[in-house]
Amino acid sequence: QVQLVESGGGLVQAGGSLRLSCAASGSIFSIDFMGWYRQAPGKQRDVVATITSGISPKYADSVKGRFTISKDNAKNTVYLQMNSLKPEDTAVYYCNVRGSYNSGNLYYNTWGQGTQVTVSS
């Protein structure tokens, strides 16, 4: 039983920055995967960035050099720092966290509620 709460979305002008946060809570035993996805109107949900312990973060080509994913293990929180934003980045952003709970006996795959990011030109 794990829940995610997202924050940090908003309206910015092209070239601006935003920092998204996603905090996980509940009876977490382990976190195996954390990631950010986005979905624009009429489009499918695409991966933006992912992070796993011991592995270098991965990014979609469209955001490399502009976005940075990071995590705070003590807070069970994943962040997405977005710089040099473009109108093409406009979408609803969702975080995803996967792992185990109940002393490792059960598995969760939980999505955040989504946060709107709008970049004006």
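By convention here, the first residue in the shown sequence is residue 1.
Classification of the Trp111-Tyr94 ring pair by plane angle, with boundaries at 30° and 60°, yields perpendicular.
The minimum heavy-atom distance linking Ala91 with Ala40 is given by the pair CB-N, 3.9 Å. Between Thr77 and Lys75 the shortest heavy-atom distance is OG1-O, 3.0 Å. Closest of all the heavy-atom pairs between Ala24 and Val2 is CB-CG1, 4.2 Å. Residue Val92 comes nearest to Gly114 through the heavy atom pair CG1-CA, 3.9 Å, listed as atom of the first residue, atom of the second, then distance.
The shortest distance between side-chain heavy atoms of Val78 and Trp36 falls below 4.5 Å. Tyr101 is listed as a side-chain neighbour of Leu106, based on a closest heavy-atom distance under 4.5 Å. When side chains are defined from C-beta on, Tyr108 counts as touching Ile31, because their heavy atoms get closer than 4.5 Å. At a threshold of 4.5 Å between non-hydrogen side-chain atoms, the residues Met82 and Ser17 do not count as touching. Between Leu18 and Leu85 there is a side-chain heavy-atom pair separated by less than 4.5 Å.
With Tyr93 as the fixed residue, the side chain to side chain donor-acceptor pair (under 3.5 Å) test singles out one of Arg38, Gln116, Glu6: Arg38. Put simply, the residue from Thr68, Ile69, Thr50 that forms a side chain to side chain contact (heavy atoms under 4.5 Å, CB included) with Pro57 is Ile69.
No path of Ile, Leu, Val, Met, Phe, Trp and Tyr side chains, each step under 4.5 Å between heavy atoms, connects Tyr37 with Leu20, placing them in separate hydrophobic clusters.
The structure places OG of Ser25 at 8.5 Å from CG of Asn76, a figure rounded to the nearest 0.5 Å. The NZ atom of Lys64 lies 8.5 Å from the NZ atom of Lys58; values are rounded to the nearest 0.5 Å. In this structure, CG in Asn109 is found 11.0 Å from CG in Asp32, a value given to the nearest 0.5 Å. Note: Thr118 OG1 to Gln13 CD = 13.0 Å, rounded to the nearest 0.5 Å. How far SG of Cys22 is from NZ of Lys71: 13.0 Å, rounded to the nearest 0.5 Å. Once rounded to the nearest 0.5 Å, the distance linking CZ of Phe67 with CG of Leu80 reads 6.0 Å.
Look at Lys86 and Asp89 and you find no salt bridge, because none of the NZ, NE, NH1 or NH2 atoms lies under 4.0 Å from a carboxylate O.
The closest donor-acceptor contact from the side chain of Ser100 to the backbone of Phe29 lies at 3.5 Å or more, if one exists at all. In terms of modelled atom types and a separation under 3.5 Å, the side chain of Asn102 and the main chain of Gly104 share no donor-acceptor contact.
Taking the centre and axis of the six-membered ring of Phe33, the NZ or CZ atom of Arg98 falls inside the cone set by 45° and 6.0 Å.
Dense packing is recorded around CD of Gln39, with more than 12 heavy atoms of other residues, nucleotides or ligands lying under 6.0 Å away.
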